[in-house]
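Reading through the structure tokens given below for one structure.
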Amino acid sequence: MSTRLPIVFVRWLCFGIIVGLILLKAQSAFSQHAIEERLLEAQAEGSEQSELAELLNERRLKPLDLNLATAAQLSEFPTLDLQLARAIIDFRKRRGMFDSKEALLAVPGMDAEIFMSLAEFVTTTTIPGRRNALSELQFRSRISDKVTLDSTSEKIYNRLRFTLFESVEGGLLFEKDGDESRFDDLRLFYIQSRFKKNWVAIAGNFQFQAGQGLVFWGPYGFAKGAAATYPVRKKGKGLRRYMSVDENASLFGAGIEFRGHNGGVTLFASRNALDATPVSDKEVSVLSVTGLHRSESELARKDAVREGLLGARLTWSPLPALQIGATTFLSSYNKRITNPDMARKRYDFRGNKNFVFGFDWTFEKQGAEFFGEVARSRNGGLAVVAGTRLKTTPVRLAFLVRNYSKDFQNAHSFGFGERNGDTQNEIGYYAGLEYKISGKASLSAYYDIFSFPWRSFFEPLPLSGNDFFVQLEHNLNRNFYLTLRFRDKAKQSYEIIPGVSVQPNAPLTVKHRQQVRLQVDMRVSKQVTLRSRVEHTRIHYSGFPKVPVDSDETGFLLYQDLRVEPFPQLRITTRLSLFGTGSFESSVYQFEHDLPGMLTNRALFGHGSRWYLLLRYKVGDFGVVHVKYSSTFIDGATSTLQGTKIGVQIDIGI
């Protein structure tokens, strides 16, 4: 890519900022930072779903009624802890039904920032005490494909969900990836009933979340990011329907759950088919998580092993502020799992059966939260996590300690850590800070120290590292929002340094990945908003004798967003990005607006550009159509890394 192109883009970007400042008009305070971006930006590139993203998308289409919501439903929002959710319910009991969303501001503990994060996701009933509808039907259909002559098969997604009398709901999903032959390569369904007041029963595909994720959790969790204090504590939601596209992440069977004032009990059973590499009629070597069934080898892995599972959880609240929980499960496989890689996978699970048991606790009192969990697998491996979150008027703090032994074996855990979700072979100490400097400025930061006591898959010896992050956000005025970010991750490595001849007995190197970001969000008018971002990444090596300067790598990202709502039914979002990196190591990432239900945090590397256009059109009160058209160009890249794609999604609600 020529050097002139970035210069032209920078000039155009600066011109856009100046024009935006000139056109600024007095509007209500705003931030284009969506909750999804703050919490999910660190998710792996290519992830197509997230429970939080799905929840918020559903609440945008059907806001939660403040006059009917439970404390558990309210606490699902990331900015609401259980204490504030209970305060909302208590306020409603004392003062009566909410007549407007703004009445939330009178709830003790509620502030303007939390209210703004909730405003678009909640509503109030037109007639207090009366439900809006006895039944509901939702249908979603999505198709996406590369717009090239060599495209052989598109990606298709269809989902149907229904609700009857607010007590029974169900769903059915069919999905196929590109180049898979069957439109129903993935088939999921569930039916769930909330009978009486505190009972829930579910059958079909479901997941279970408990404690801090060491015994049982779903396939996804929050990673380190701009929300420095929120991700450290998990909110286990018990039995949950499963309607996502990770084919090996759900349970299949039935469960029942009771939640009372002083405790609860959950029982569930599952028998699910999993992808794995077959070795013989009685053995498989490695469980597969790709979910792709295109070639003969991939089809051979489909449903190669079955897991039977029995699980239970008990909770007890001896005090209103204290909850103690115990979770366990026993799983068995119809084929023996035998991982042959004893050098790199010495402590991974092998055999037919596993048993995991754990205790967890939470204590919340006057702005202080203490939480943790201890778990043990059948082979004796231990996992421990303990933390606290403290909240005062201007400051929020979070501290977390984790110790996942190298021999802890649990395919259903998802613990917080550097290798988010890989709850094995990690020790870490995390501290997070969120500070409200003033009514217009806020600071968030974290520092994480981590180590891997046993060798990892790619590294032959134990490693350690640290991760530092700081972000300043400032509302310069009602329509101008500035974000400045710096991150420095230093991690030991044995990898070959570009330009350096490494001997087999070479000492450790330390790879620093440094990131600097400047972002400006502007509201030009009620209908027009802009976002401009400049980001620089540097890969720097230290700890190796005489490392040449030219072994460093740098990367840059420049992009300009434009969002226009010419009338209430239509929203147009477009972005032009320019990027340049030395290799994949110095990749730059951008979290993109996408079709609802899809999560895209795209890695950009090489030298090139990316452009996309996302249209949202609301059809009356029952339907929404989304269309995304994107094009990526990379100098010298193969067609698998670049090209043009189009996706269309239709959501219908009756």
Side-chain angles (χ1 to χ4, degrees), residues 27-28 30 32 34-36 49 53-69 73 77 98-102 118-145 154-175 241 243-244 523 525-529 562-574 592-599 612-630 646-654:
Q27 307 292 342
S28 59
F30 85 104
Q32 200 176 340
I35 295 177
E36 295 97 322
Q49 69 88 39
E54 186 68 16
L55 168 68
L56 297 181
N57 176 62
E58 290 179 6
R59 291 307 182 196
R60 283 191 177 97
L61 296 175
K62 184 186 177 184
L64 181 65
D65 195 324
L66 292 173
N67 292 323
L68 301 173
Q73 289 174 319
F77 292 113
F98 290 98
D99 56 2
S100 68
K101 293 186 289 187
E102 287 70 22
L118 294 174
E120 64 175 318
F121 306 113
V122 297
T123 186
T124 56
T125 50
T126 304
I127 304 176
R130 178 179 175 181
R131 299 184 184 274
N132 291 327
L134 295 179
S135 62
E136 184 178 25
L137 187 67
Q138 298 177 354
F139 175 72
R140 169 175 292 177
S141 182
R142 178 195 305 150
I143 183 169
S144 59
D145 194 13
E154 62 282 335
K155 188 169 186 173
I156 300 175
Y157 172 102
N158 289 288
R159 187 188 74 182
L160 178 69
R161 290 180 54 192
F162 65 87
T163 303
L164 298 176
F165 305 104
E166 300 288 342
S167 60
V168 178
E169 65 173 272
L172 180 66
L173 182 148
F174 297 105
E175 191 257 2
R241 55 171 172 76
M243 283 278 102
S244 298
R523 170 161 287 178
S525 67
K526 290 183 178 180
Q527 292 77 32
V528 181
T529 56
L562 171 65
R563 175 176 289 190
V564 182
E565 296 188 30
F567 45 90
Q569 292 82 8
L570 178 64
R571 176 189 297 164
I572 304 170
T573 306
T574 184
E592 296 186 358
H593 303 93
D594 215 322
L595 305 177
M598 296 185 69
L599 174 66
Y612 71 80
L613 176 69
L614 178 66
L615 303 178
R616 175 188 181 274
Y617 186 78
K618 188 175 181 180
V619 183
D621 295 328
F622 63 89
V624 181
V625 179
H626 287 85
V627 179
K628 183 176 182 180
Y629 181 90
S630 63
I646 188 168
V648 180
Q649 179 167 305
I650 300 174
D651 287 274
I652 299 174
I654 302 175

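Quantities reported herein were computed from a predicted structural model and do not represent experimental measurements.
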task: Give a yes or no on whether the backbone of S244 and the side-chain of R159 come within a donor-acceptor separation of less than 3.5 Å.
output: no
- prompt: Of all heavy-atom pairs between K101 and V122, which one has the smallest distance, and what is that distance?
  reply: CD-O, 2.9 Å
task: Drop me the distance from R563's CZ to T573's OG1, to the nearest 0.5 angstrom.
output: 4.0 Å
- prompt: To the nearest 0.5 Å, what is the distance between CD1 (I156) and CZ (R142)?
  reply: 12.0 Å
field: Donor-acceptor contact below 3.5 Å, side chain K628 vs main chain H593
entry: yes
- prompt: How far apart are the closest heavy atoms of F98 and N67, and which atoms are they?
  reply: N-OD1, 2.6 Å
query: Is any side-chain heavy atom of I572 less than 4.5 Å from a side-chain heavy atom of L613?
result: yes
query: What pair of heavy atoms forms the shortest contact from L595 to V648, and how long is it?
result: CD1-N, 4.2 Å
Side chain to side chain, L137 and L160, heavy atoms closer than 4.5 Å: yes
- request: Indicate yes or no: at least one non-hydrogen side-chain atom of P568 is less than 4.5 angstrom from one of K618.
  value: no
query: Measuring from L614:CG to Q649:CD, what's the distance to the nearest 0.5 Å?
result: 10.0 Å
Heavy-atom side-chain contact between L173 and Y157 under 4.5 Å: yes
message: Distance check, rounded to the nearest 0.5 Å: N158 atom CG versus E175 atom CD?
response: 10.0 Å
- prompt: Taking all non-hydrogen atoms of both residues, which atom of Y612 and which atom of S630 are closest, and how far apart?
  reply: CB-CB, 3.7 Å
task: Please name the pair of heavy atoms, one in T124 and one in S100, separated by the smallest distance, quoted to 0.1 Å.
output: CG2-C, 3.8 Å
task: Can you measure from CZ (F139) to CZ (F162) and round to the nearest 0.5 angstrom?
output: 15.0 Å
message: Contact between R616 and V624 at the side-chain level, heavy atoms closer than 4.5 Å - yes or no?
response: yes
task: Identify the two heavy atoms, one from E120 and one from P63, that lie closest to each other, and give their separation to 0.1 Å.
output: O-CG, 4.4 Å
- prompt: Roughly how far, to the nearest 0.5 Å, is the CG atom of D594 from the NE2 atom of H626?
  reply: 10.0 Å
